[in-house]
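In what follows, chains are A, B, ... by sequence order, proteins preceding strands, each numbered from 1. Bear in mind that the values here come from a model prediction, so they are computed numbers and not experimental data.
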Amino acid sequence: MSRGRRLGLIALVVVIAVAGFVIAKSGSNNKDKSATVTETTKAGTKEITSTTTQVAPVPIEVKNAKPVGGVKKITVNKGDPVRFTVHSDVSDEIHVHGYDFHKEVPKGGTVSFDFPAKIDGVFVIELENRGEQIASLEVQP
Amino acid sequence: MRPRTAAALGAAAGLALPALAPGIAGAHGLQGRADLPIPSWLFGWAAALVLAASFAALATLWPRPRLQKVEERPLFRMPGWIDPVCGALGIAIFVAVVYAGFAGTQEANRNLAPTAVFVIFWVGLAVASILLGDVFRAFNPWRSVALAAAWLARRFGYVRRVRPYPERWGRWPAVLGIVGFAWLELVYVPRPVGPQTVAGLACAYAAIQLVGMYTFGIETWSRRADAFGVYFNLFSRLAIFERRDHTLYVRPPLSGAPPWPALAGSAALLCVAIGTTSFDGFSNGPVWAKLNPDLQSFFKDIGFGTNGALMAAGTVGVAIAIGVISSFYILGIQGMKTVGHGHDARELMGRFAHTLIPIAFAYALAHYFSFLAYNGQAVGYLVSDPLGHGSNIFGTAHATIDYGLLTGATIWYVQVGALIAGHVSGLVLAHDRALAMYPDVKEAARSQYWMLVVMVGFTSLGLWLLSAVNT
């Protein structure tokens with residue numbers, strides 16, 4: 001085997017070894033993350049981190065059939081409870097995609113959701129009849 | 001600047017694309033679950049591996065072309081009834097899907113048509129083609145109708161002269177077809193695409209194919225202008241199985257790609273396939289989140305309605321994505337042109353187009369794997385209730401999609417694995433082609449640095465589109 005080939009292979013092995021070490025280390029660091037709530041508006045993102053184990057329900061306000069403050073982003077870890085309430089000034093059906101939960105909310109009324117985050121991924125929460133997204137649920141593995 | 005330095009800089013630039021904010025939910029035309037963005041540590045690891053593998057490959061790959069002549073071994077003869085049976089099955093499925101689209105509920109998730117077309121057909125068949133070879137060819141409904149009609153015509157002694165296919169058309173009709181389909185899936189509003197729309201367009205497309213096959217001949221048309229036939233055939237060239245006439249052959253993986261005839265529009269076909277899939281990822285990112293509203297206001301100002309402005313903006317986005325991919329490839333080819341002599345840019349673009357086939361598949365798999373794994377399960381209950389009217393033909397109408405089938409982490413590894421494997425495969429093909437085109441060893445090596453930059457760029461872009469380096 002020529003010198004060039006040997007060097008190439010050695011470099012590859014070193015990189016993979018280093019990379020393997022890095023993944024193993026950082027993969028374990030990913031587990032402890034507390035539930036966060038992020039409000040995404042045109043101006044930027046504001047993150048409200050609740051480090052308590054009790055997850056307070058995230059309030060979502062719907063005015064004129066649009067979410068106040070933009071599409072709310074709810075981030076939880078898999079297995080955590082997902083809790084949010086929707087107060088809407090129009091009547092519609094709240095649909096949580098993926099989990100496939102449907103709940104009617106009357107005009108001016110409030111409806112709450114509380115379910116375990118069994119599936120990981122990113123899910124749209126919307127006003128079903130109007131097709132208006134009010135929140136995005138992100139479940140980390 | 002020495003080519004090696006340029007290659008290294010280009011590769012570094014390709015990898016240093018600052019990943020911006022994480023992507024949000026994408027719909028792919030059918031709602032459900034979207035993938036989590038690849039975490040930064042996995043992105044970094046994958047990118048490092050890509051670079052390392054590339055340079056190691058350059059240093060260690062074979063010195064003489066190995067894939068330019070296809071080495072295939074016959075396995076067995078297929079029975080004569082295979083084609084009529086598969087063709088009939090293909091036609092039956094097509095009719096069932098179109099019927100469901102027209103007659104069934106217009107709720108996309110409860111109707112067989114959208115899932116059959118966007119999940120099983122578009123993604124499922126692509127995966128099947130990689131594994132099993134060109135299966136679509138046997139099941140192709142419009143081709144089967146045409147073959148049946150031709151057989152009948154021969155029976156009755158009816159002879160007609162076909163018109164010669166204009167060579168400069170090449171594969172451009174297929175390019176248009178792919179763009180059109182991707183546009184329907186990613187840009188068309190309202191989303192998800194309604195079952196009737198799907199059914200209507202399927203019929204229109206089949207009709208166009210029949211006219212084309214009648215005018216120019218079945219094989220000539222199918223190999224050049226049938227967007228789906230060409231698209232699935234593209235991926236089948238990476239598979240180890242090939243069927244010719246009635247014999248099934250086995251060959252080394254990837255070896256079906258170099259013989260792919262570089263007809264006009266071939267490079268464009270690959271750029272469009274990669275570009276439209278890129279838009280799928282791009283449209284969920286922050287750059288598009290900023291650009292899209294501005295584009296929409298612009299179109300509204302010049303008189304478009306709300307939906308029209310949305311679609312016009314999306315069209316611009318797709319054009320940008322295809323443009324970015326194409327320019328990268330063109331730049332790589334321009335660089336390669338400076339190496340050695342005797343090859344002009346146009347020839348190079350065509351003769352290296354096949355090296356992008358693994359990348360195109362990697363992009364498709366990375367973006368659509370979970371879509372296939374989850375929404376593909378919907379077929380389980382949709383076949384029992386294809387019209388969404390409450391029937392239960394096979395007893396599975398109350399099944400649901402099992403989202404627990406795969407974890408998010410598994411999906412990440414599939415995505416990253418696909419992009420890395422596609423990258424290495426592309427490099428192998430490019431290496432082999434360069435050896436065949438440049439008899440001088442030094443020139444061959446130099447030409448490869450350019451393709452290396454192109455490949456690293458595409459792979460990094462692919463990783464970036466799926467990742468969330470900003471945590």
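- Contacts of A:Val139 with chain B are made by backbone atoms alone, with heavy-atom separations under 4.5 Å and no side-chain atom involved.
- The backbone N or O of A:Asp120 lies less than 3.5 Å from a partner atom in the side chain of B:Arg33, making a donor-acceptor pair.
- When all heavy atoms of B:Tyr403 and A:Gly98 are compared, the pair lying nearest together is CE1-O, 3.1 Å.
- Atoms NZ and CG, from A:Lys78 and B:Leu36 in turn, are 10.0 Å apart once rounded to the nearest 0.5 Å.
- In this structure, B:Ile401 CD1 and A:Ile119 CD1 are separated by 9.5 Å, a value rounded to the nearest 0.5 Å.
- Heavy-atom neighbours of B:Lys290 NZ from other residues, nucleotides or ligands within 6.0 Å: at or below the threshold of 12.
- Enclosure of atom NE2 in B:His398 is not indicated, since only 12 or fewer non-hydrogen atoms of other residues, nucleotides or ligands lie within 6.0 angstrom.
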